[in-house]
Amino acid sequence: MDRNFYKKDVLDICPHILGKTLVRKCPDGTIFKEIITEVEAYRGEEDLGCHASKGKTERTKVMYENGGLIYVYLVYGMYWMLNIVTGNTTHPQAILIRGTKNISGPGKLGKALKLDQTFYGEDLDTSNRIWIEESGIKNIKYNQEPRVGIEYAKEWKDKPWRYTLTEYEI
DNA sequence: TCACGGATTCGT
DNA sequence: CGAATCCGTGAT
């Protein structure tokens, strides 16, 4: 996908990133290529579930960039989480990729993709080791539910910003 | 330098 | 549903 795809609001992009293909070329030559089936939106400093709610720090600064960059971080000391920065520089936001067709769970996805800190800030439009492309599938249907794992986010935890792909045609 | 806690996972 | 797990973050 080209750069402009990622510059819209995160809530507009989520339904369209479902069904796209995530591609990762590993150092050992193996290629991971799977349809994205589950994502979550994190939207702005006002969203208490979003890391940017703590303001701009060394960790969150990439979310303040224009969309199309990768935001990775380590959670529970062991899982690398894959996020795509979206929007523009006025509103920090990102999409957490939670699962693909054969991999369920963001921690397991990060492991399968062999992610590490060097992916922080990677440009999806120019990278030769990870990107997102059209899959050709059509007639997508999806569900929206509350996001998981953010019990601390008060009223924001109930926002239906978790998107799961339910049906599609090849 | 260090205390804190988490966008998870797995087993019960 | 609850505990394990352990590194990086962010403040000092």
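By convention in this document, chain letters (A, B, ...) are assigned in the order of the sequence lines, proteins followed by strands, and residues within each chain are numbered from 1.
- There is a side-chain donor-acceptor pair under 3.5 Å between E122(A) and S127(A).
- Remark: ring of Y42(A) overlaps the six-membered base ring of dA7(B) in a stacked fashion, centroids less than 5.5 Å apart, planes less than 30° apart.
- Side-chain proximity of M78(A) to the nucleotides dA7(B), dG8(C), dT5(C) is greatest for dT5(C).
- Heavy atoms of R59(A) sit under 4.0 angstrom from primed sugar atoms or phosphate atoms, though from no base atom.
- If you take CG of L74(A) and C1' of dT5(C), they are 11 Å apart, rounded to a whole angstrom.
- In terms of heavy atoms, I36(A) sits closest to I17(A) at CB-O, 3.8 Å.
- When both pairing distances are held under 3.5 Å, dA3(B) makes a Watson-Crick or G-U pair with dT9(C).
- Closest approach of N128(A) and K25(A) over heavy atoms only: O-CD, 3.9 Å.
- For the segment residues 92-113 of chain A, the set of residues with a heavy atom within less than 4.0 Å of an atom of DNA chain B comprises L96(A), R98(A), G105(A), P106(A), G107(A), K108(A), in numerical order.
- Using a 4.5 Å heavy-atom threshold, the side chains of L22(A) and L82(A) count as touching.
- Distance CD (E40(A)) to C1' (dT8(B)): 12 Å, rounded to an integer number of Å.
- Rounded to an integer number of Å, the gap from L48(A) CG to dA7(B) P is 13 Å.
- In this structure, M81(A) reaches the sugar-phosphate backbone alone: every heavy-atom distance under 4.0 Å involves primed, P, OP1 or OP2 atoms, never a base.
- Between the OH atom of Y71(A) and the C1' atom of dT9(C) there is a distance of 10 Å, rounded to whole Å.
- Screening R147(A), K159(A), K157(A), R98(A) against E40(A) for a salt bridge (Lys or Arg N to Asp or Glu O under 4.0 Å) leaves a single residue, R98(A).
- In this structure, Y73(A) and H51(A) have perpendicular ring planes: the angle between them is above 60°, well past the 30° mark.
- Taking only side-chain nitrogens and oxygens, Y79(A) never comes nearer than 4.0 Å to OP1 or OP2 of dG6(B).
- What separates NZ of K54(A) from P of dC4(B) is a distance of 16 Å, to the nearest Å.
- When the nucleotides dG10(C), dA7(B), dT8(B) are ranked by their closest atom to the side chain of T57(A), dG10(C) comes out on top.
- Rounded to whole Å, atom P of dC4(B) lies 19 Å from atom OH of Y152(A).
- One can place CD of E38(A) at 16 Å from P of dA7(B), the figure rounded to the nearest angstrom.
- A pairwise comparison of heavy atoms in A52(A) and E45(A) identifies O-CG, 3.2 Å as the closest pair.
- Rounded to an integer number of Å, the gap from NE2 of H51(A) to P of dG5(B) is 14 Å.
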